[in-house]
Amino acid sequence: MFLHVLLAALAAGAAAPAPEGPLTVSAAISLTEALEAVADAWRRSGGADVRFNFGASNSLARQILLGAPVDAFVSADAAQMDLVERAGRLVPGSRVEVVRNRLAVVARPASAAFVREQFDRAPPEIRRLAIGDPQAVPAGVYAGQYLESRGLWTAYRSRVVPAASVRAALAAVENGAADAAIVYASDVRVARRAVLSFVVDPREGPPIVYPGAAIAASTRQSDVAAFLAFLRSPEAQAVFERHGFLPLAR
C-alpha cells in the first residue's frame, strides 16, 4: 500500500511544473530604493518575483561578461550596456530607456550653503570632492563631464576622491572623508548626514539615461520583457519620480 502511495506521489510530482524562482535583475546601485518600490507594484499587479543585484554598473557589466546568471540588466549609463551588447550578451532589440536622472552636489549641513555659493570658484575650503571613479563608474564619468563643461576639472582634479560607486561618494561626505560630493539627485533622498547644496541644471550637465535590456542567456524571456515594459509604464514612472528621478516623459 505504501509503495502505491509513494509511486503515485512521485508521479504527481513529476507531472507538476517545476516552480520558477525570481527574476534576477542586476541594476545600478542608485536605483536601489526606487526599483524595490517599483518591484512591489509589479508583484501586486501579478508579475513574477524579482531579486535584485545592486552595484556599480561597471562591476555589474563585468559580472555579466563573466557569465553571472542574470535575467536583465539596468545600467546607469549607455557605455556599460554597450560593453555587454558588443559581447553578444543582450537579446537583440530588447534594449530600452528606463528612466532619467540629474546630478546634484551634496555637503555636510554646516557647509552646504557655502558649497552652493562658492562651488564654481573651486575655493580651497573644498579640499576633497568625492565622485564615482571617473574612469569607470557612470556617476563619476558624468561628474567629470560636468566639471569639464564648467571649466572646473583642472581646479578640482587633484582634490577628487574617486569612489567605487555613487553611494560610496555620498558616504564619503557623510563620514567626513570628503567636503562635498557629486552624486545623482535621487541619492539626496537617502542621505542621512549629507544635504543638498544644489541640483545641476540638466542643460549644464550631461544627459543621464538608464537603459535596461534582457540578457540572452536568460530562460525567462517573456517575464523579462514584461518587467522591462512595466518599468516604462506610467505607474512605474510615477514611482521613479517620487524617488527623485526624471520620468521618460520629460
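Looking at D71 and R51, no side-chain N of the basic residue comes within less than 4.0 Å of a carboxylate O on the acidic one, giving no salt bridge. Using a cutoff of 4.0 Å between basic side-chain nitrogens and carboxylate oxygens, E33 and R167 are scored as salt-bridged.
The two atoms that bring R100 and P247 nearest to each other are CD-O, 4.4 Å, heavy atoms only. Heavy atoms only, all atoms of each residue included: A180 and V115 are closest at CB-CG1, 4.2 Å. Contact detail for F240 and A34: the closest heavy-atom pair is CD2-CB, 3.7 Å. In this structure, A163 and A169 approach most closely via the heavy-atom pair CB-N, 3.5 Å. The heavy-atom pair separating I131 from G140 by the smallest distance is CD1-O, 4.1 Å. The nearest pair of heavy atoms linking D120 to L152 is O-CD2, 3.2 Å.
Distance alone, capped at 3.5 Å, places no donor-acceptor pair between the R108 side chain and the D179 backbone. In this structure a side-chain-to-backbone donor-acceptor pair under 3.5 Å is present from R189 to R242. In this structure, the side chain of S111 does not engage the main chain of F114 through any donor-acceptor pair within 3.5 Å. Put simply, the side chain of S186 never gets that close to the backbone of G244: no donor and acceptor are under 3.5 Å apart. For S197 (side chain) and V106 (main-chain N/O), no donor-acceptor pair under 3.5 Å exists by modelled atom type. Here the side chain of Q80 pairs no donor or acceptor atom with the backbone of P138 at under 3.5 angstrom. In this structure a side-chain-to-backbone donor-acceptor pair under 3.5 Å is present from R159 to A122. Checking side-chain atoms of S45 against main-chain N and O of W42 turns up a donor-acceptor pair under 3.5 Å.
The hydrophobic clustering, which links ILVMFWY residues whose side-chain heavy atoms are closer than 4.5 Å, places L228 and L23 together. V190 is connected to V99 through a chain of hydrophobic side-chain contacts under 4.5 Å among Ile, Leu, Val, Met, Phe, Trp and Tyr, so both are in one cluster. A continuous path of hydrophobic side-chain contacts links F52 to V98 [ILVMFWY only; heavy atoms under 4.5 Å].
Using a 4.5 Å heavy-atom cutoff, the side chains of P206 and L103 are in contact. Side-chain contact check for P207 versus P202: every heavy-atom pair is 4.5 Å or farther apart. Between L147 and L129 there is a side-chain heavy-atom pair separated by less than 4.5 Å. Two residues are said to be in side-chain contact when any heavy atoms from C-beta on lie closer than 4.5 Å; F54 and S30 fail this criterion.
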task = For side chain to side chain contact (heavy atoms under 4.5 Å, CB included), just list the numbers for V91 and Q221, CA-CA rounded to whole Å, side-chain angles, deciding distance to a tenth of an Å, and then say yes or no.
result = CA-CA 9 Å; V91 173; Q221 295 300 339; 3.3 Å; yes
message = Evaluate E125 against Q118 for side chain to side chain contact (heavy atoms under 4.5 Å, CB included), listing each step before the verdict.
response = CA-CA 9 Å; E125 289 85 353; Q118 301 295 322; over 6 Å; no
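One distance of note links CD of E97 with CZ of R232; it measures 7.0 Å at 0.5 Å rounding. S75 OG to R95 CZ: the interatomic distance, rounded to the nearest 0.5 Å, is 8.0 Å. To the nearest 0.5 Å, atom CZ of residue R150 and atom CD of residue Q145 are 15.0 Å apart. To the nearest 0.5 angstrom, L31 atom CG is 9.5 Å from D187 atom CG. To the nearest 0.5 angstrom, I126 atom CD1 is 11.0 Å from R121 atom CZ. The distance from the CG atom of D133 to the CG atom of N58 is 7.5 Å, given to the nearest 0.5 Å.
Defined by atom type and a distance below 3.5 Å, a donor-acceptor pair is present between the side-chain atoms of Y210 and N101.
Across V25, I64, L60, V224, a single residue satisfies side-chain contact (heavy atoms from CB on, under 4.5 Å) together with V70, and that is I64.
Heavy atoms from other residues, nucleotides or ligands lying under 6.0 Å from CZ of R43 number more than 12.
Listed by chain and number, the residues in a ring pair (Phe, Tyr, Trp, His ring centres under 6.0 Å) with Y156 are F119 (sequence neighbours excluded).
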